[in-house]
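Data first, discussion second: the structure below is written as structure tokens.
Chain A is the first sequence line, chain B the second, and so forth, proteins listed ahead of strands; every chain is numbered from 1.
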2 protein chains.
Amino acid sequence: MEAPLILSNHDLRNTSARLAVLGIFQKYTYALSHSNIEKELQKDFDRVTIYRTIHSFLDKGIVHKVMDDSESAKYALCVDECSSDHHHDNHVHFKCSKCGNSECLNNIQIPLTNLPSGYIATESNLLIEGVCKACS
Amino acid sequence: MEAPLILSNHDLRNTSARLAVLGIFQKYTYALSHSNIEKELQKDFDRVTIYRTIHSFLDKGIVHKVMDDSESAKYALCVDECSSDHHHDNHVHFKCSKCGNSECLNNIQIPLTNLPSGYIATESNLLIEGVCKACS
DNA sequence: TCATTTATGAAACTCTGTTGCAATAGTAAA
DNA sequence: TTTACTATTGCAACAGAGTTTCATAAATGA
């Protein structure tokens, strides 16, 4: 989908900062951190603007947070099922120990797990670490 | 096991900082962050000492890193199978969205996942979010 | 085009985590 | 017990991640 349409569909104004950041997310297949995005941007947006852009994307369900064991948070585009009400809640991510990139494996479902009694699951995230296709 | 014995078994000197931090890990059933530990300590150890203590515990396999979606890293005691060579590599953690605590579910194994061809898994971490027994 | 609302930039700040170095405490052996 | 060696600690300084406030600028709907 076109970036300006994605923004307006999610009730976000079409600003140059958002279009630029969204374009970067669309360009990469793996999860990006704030500093990844900052370096990739041509125009010099303020650090704070980038943080706020990421937060607005998170709020509206355009991107989701990717957990890996690196210091800082990473984000990746949601698949179509995500919305601001309800993030797609069964993510599998793969982090390559060689290149350090984290990819979403959208086609793979997390198998259900039997929790101890009294525990109620609402969301689950599986992070698999190893060597990715490009590095093996 | 007694704290001083745990330290010497893992080739770490018995210092007051390490005994104090290890005592805190033994006291709580859920994963702790650096700041959790700092607040909990009676005696005023230097921030850096606490960081280094956590790192030495990680190195020696006394604690492992717990991933959740919070800003800062959290750590929890390893089960007995861990060693400095080989961390137990199939962790399931449960994060409660009410109290915010992350527990290790040591009895639960992560089901195997079929990866796309070319991907090689060496480790996997499953984070389940929801409501814990104490909060439900 | 105008008024309103939302987004941006700048500065200042907090929190997390690291590094280098000198002083101190543990440990093993004499 | 004392010594000598090595590991650990505290301190200072730093780098990076992330947030808040507020005045200015840009987007949108009328």
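Nearest-nucleotide mapping onto DNA chain C: of B:A73 and A:D11, the residue sitting toward the 5' end is A:D11. Checking A:S35 against A:R13, the closest nucleotide of DNA chain D that is more toward the 5' end is the one next to A:S35. Of the two residues near DNA chain C, A:E71 and B:L12, the one whose nearest nucleotide lies more 5' is A:E71.
Within residues 15-27 of chain A, the residues that have a heavy atom under 4.0 Å from DNA chain C are, in order of number, A:T15, A:A17, A:R18. Of the residues in residues 46-53 of chain A, those placing a heavy atom less than 4.0 Å from an atom of DNA chain C are A:D46, A:V48, A:T49, A:R52, in numerical order.
Under the side-chain contact (heavy atoms from CB on, under 4.5 Å) criterion, B:K43 pairs with B:S16, B:F45, sequence neighbours left out. Scanning for side chain to side chain donor-acceptor pair (under 3.5 Å) contacts around B:S70 gives B:D68, with sequence neighbours left out.
Ring geometry for A:H93 against A:H91 counts as parallel: the plane angle stays under 30°, on a 0 to 90° scale with 60° as the upper cut.
A salt bridge does not link B:K95 with B:E103: every distance from a Lys NZ or Arg NE/NH1/NH2 to an Asp or Glu carboxylate oxygen is 4.0 Å or more.
When DNA chain C is scanned in the 5' to 3' direction for atoms under 4.0 Å from non-hydrogen atoms of chain B, the outermost contacting nucleotides are C:dT16 to C:dT27. From the 5' end on, the contacts that DNA chain D makes with chain B at under 4.0 Å to a non-hydrogen atom open and close at D:dT6 to D:dA12.
With B:T53 contributing its side chain and B:R18 its backbone, the two residues share no donor-acceptor pair below 3.5 Å. Not a single donor-acceptor pair under 3.5 Å links the side chain of A:D59 to the backbone N or O of A:S56. Listed for the B:S102 side chain is no donor-acceptor partner under 3.5 Å among the backbone atoms of B:A31. Not a single donor-acceptor pair under 3.5 Å links the side chain of B:N125 to the backbone N or O of A:L127. Remark: side-chain polar atoms of A:S97 are paired, donor with acceptor, to backbone N or O of A:G130 under 3.5 angstrom.
Nearest heavy atoms, B:V21 versus B:L41: N-CD2, 4.2 Å. Shown here for B:C135 and B:K98, the closest heavy-atom pair between the two residues is O-NZ, 3.5 Å.
Aromatic ring centres of A:Y119 and B:F94 lie closer together than 6.0 Å.
No side-chain heavy atom of A:N106 sits under 4.5 Å from any side-chain heavy atom of A:V92.
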